[in-house]
Amino acid sequence: MSLAEIQQRLNKAETDAGRAPGSVTLIAVSKVQPIARVRAVLDAGHRVFGENRVQEAAGKWPALREEYGPVQLHLIGPLQTNKLKQALDLFDVFHTLDRPKLGRKLADAVQARGSCPELFIQVNTGEEPQKAGVLPTQADDFIAACRAMDLPVSGLMVIPPVDEEPSLHFALLRKIAERNGLTRLSMGMSSDFERAVALGATHVRVGSALFGARDYGKAG
Ligand SMILES: *Cc1c(COP(=O)(O)O)cnc(C)c1O
């Protein structure tokens, strides 16, 4: 689907929800995609992209930024503390702050740098053992702990379980955000971004619907 078609669907979802068209940030998730597809979306004028691996992003985006100018990059995958410096050099927004140890290292690093990416805390609303994110019952405490470390948390992020109705998870994320005074919600992917917008998403992360299916075999 073209960028224009996705934007049209997004605008309709915004309007249907009584929200201003253009108020939701579309993050084009370019992980694993052939560079020609990424360029096509850049050529169409889009400048907000998401990657889930620091290493992959480091091999791709410095050159593309040189060529296309400023691109806002969102880290939407797990962050290891040993990749923190590299991630801070590359990304404008982190969506996956999810544990105290990472919070402490991040707080030290941003203090030294004097600047901080925009921060989202990932919440594991489905309480899936294999998935990253703080548990819903621990979210309030973790948000408070981040604030105590002067980390400027602006929102929450969720990846709902694949086999469950995502709306329940979007609604839970929103509730946790509201009771903690957080205004931004990173939720909704190719298959459910319209539902996420209906429930208050401010950032949707769309990959395959925009770029086509990911070929992991080829990418290695
Ligand atoms: C890959 C990925 C997406 C995009 O998924 P699609 O279903 O291809 O839109 C969104 N969010 C995260 C965290 C991802 O890893």
Side-chain angles (χ1 to χ4, degrees), residues 1-10 13 24-35 37-38 40-41 44 46 48-61 71-80 83 87 90-99 102 117-128 130-134 154-167 169-170 172-174 177 184-220:
M1 208 172 279
S2 70
L3 175 66
E5 286 170 299
I6 296 285
Q7 261 162 354
Q8 212 164 50
R9 280 174 58 185
L10 185 55
V24 175
T25 300
L26 172 64
I27 302 169
V29 178
S30 48
K31 65 182 185 202
V32 188
Q33 296 289 351
I35 202 74
R37 291 187 189 167
V38 180
V41 173
H46 199 69
V48 183
F49 288 79
E51 292 281 346
N52 76 337
R53 299 181 67 179
V54 176
Q55 215 59 45
E56 185 186 339
K60 191 187 310 183
W61 284 103
V71 171
Q72 189 180 78
L73 267 193
H74 294 246
L75 177 64
I76 62 171
L79 179 53
Q80 266 74 54
K83 296 271 169 62
L90 264 176
F91 290 95
D92 305 289
V93 186
F94 289 0
H95 290 241
T96 53
L97 179 54
D98 66 349
R99 58 197 192 277
L102 177 60
E118 185 179 346
L119 298 175
F120 289 77
I121 289 173
Q122 183 175 355
V123 184
N124 185 358
T125 58
E127 307 193 21
E128 297 172 279
Q130 81 285 7
K131 200 167 268 178
V134 291
S154 70
L156 302 180
M157 178 271 217
V158 70
I159 308 170
V162 286
D163 52 354
E164 288 181 28
E165 168 53 45
S167 294
H169 297 273
F170 297 155
L172 175 56
L173 194 75
R174 177 181 177 158
R184 301 193 164 191
L185 295 170
S186 168
M187 58 190 197
M189 318 199 324
S190 288
S191 59
D192 55 22
F193 70 88
E194 282 123 328
R195 271 174 289 175
V197 169
L199 288 165
T202 59
H203 294 65
V204 293
R205 312 177 307 265
V206 178
S208 44
L210 176 59
F211 293 102
R214 286 180 289 275
D215 185 349
Y216 286 97
K218 215 165 141 193

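Counting begins at 1 with the first residue of the sequence. In this text, all values refer to a predicted model and were calculated from it rather than measured experimentally. Atoms within each ligand, like the ligands themselves, are counted from 1 in listed order.
- Taking CD1 of Ile121 as the reference point, atom CG of Leu102 lies at 10.0 Å (rounded to 0.5 Å).
- Counting heavy atoms under 4.0 Å from ligand 1, residue Ile159 touches it through the side chain alone.
- Of the candidates Gly50, Ser190, Pro78, the one placing a heavy atom closest to atom 9 (O) of ligand 1 is Ser190.
- In terms of protein heavy-atom proximity, atom 10 (C) of ligand 1 is closest to Met189 SD, 3.3 Å.
- Salt bridge present: Glu128 and Lys131 bring a charged side-chain N and a carboxylate O closer than 4.0 Å.
- Distances from ligand 1 to the non-hydrogen atoms of Arg214 include at least one value under 4.0 Å.
- Close contacts of ligand 1 with Ser208, meaning ligand atoms under 4.0 Å from a residue heavy atom, involve 6 (P), 7 (O), 8 (O), 9 (O).
- Rounding to the nearest 0.5 Å gives a distance of 8.0 Å between CD of Glu164 and OG1 of Thr125.
- The shortest contact between atom 14 (C) of ligand 1 and any protein heavy atom is with Lys31 NZ, 3.0 Å.
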With side chain to side chain donor-acceptor pair (under 3.5 Å) as the criterion, how do Ser30 and Gln33 come out once you've worked through the C-alpha distance, each side chain's angles and the decisive distance to 0.1 Å?
CA-CA 6 Å; Ser30 48; Gln33 296 289 351; over 6 Å; no

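- Annotation: atom 11 (N) of ligand 1 to nearest protein heavy atom, Arg205 NE, 2.8 Å.
- Less than 4.0 angstrom separates some heavy atom of Val206 from each of these atoms of ligand 1: 9 (O).
- By the 3.5 Å distance cut-off applied to N or O atoms, Val29 is not counted among the residues near ligand 1.
- With respect to the salt-bridge test (charged N to carboxylate O, under 4.0 angstrom), the residues Glu56 and Lys31 do not qualify.
- Atoms CG and CG, on Leu3 and Leu26 in that order, are 6.5 Å from each other to the nearest 0.5 Å.
- What sits closest to atom 12 (C) of ligand 1 on the protein, heavy atoms only, is Ile76 CD1, 3.5 Å.
- Taking 4.5 Å as the limit, every side-chain heavy atom of Gln122 sits out of range of all side-chain heavy atoms of His95.
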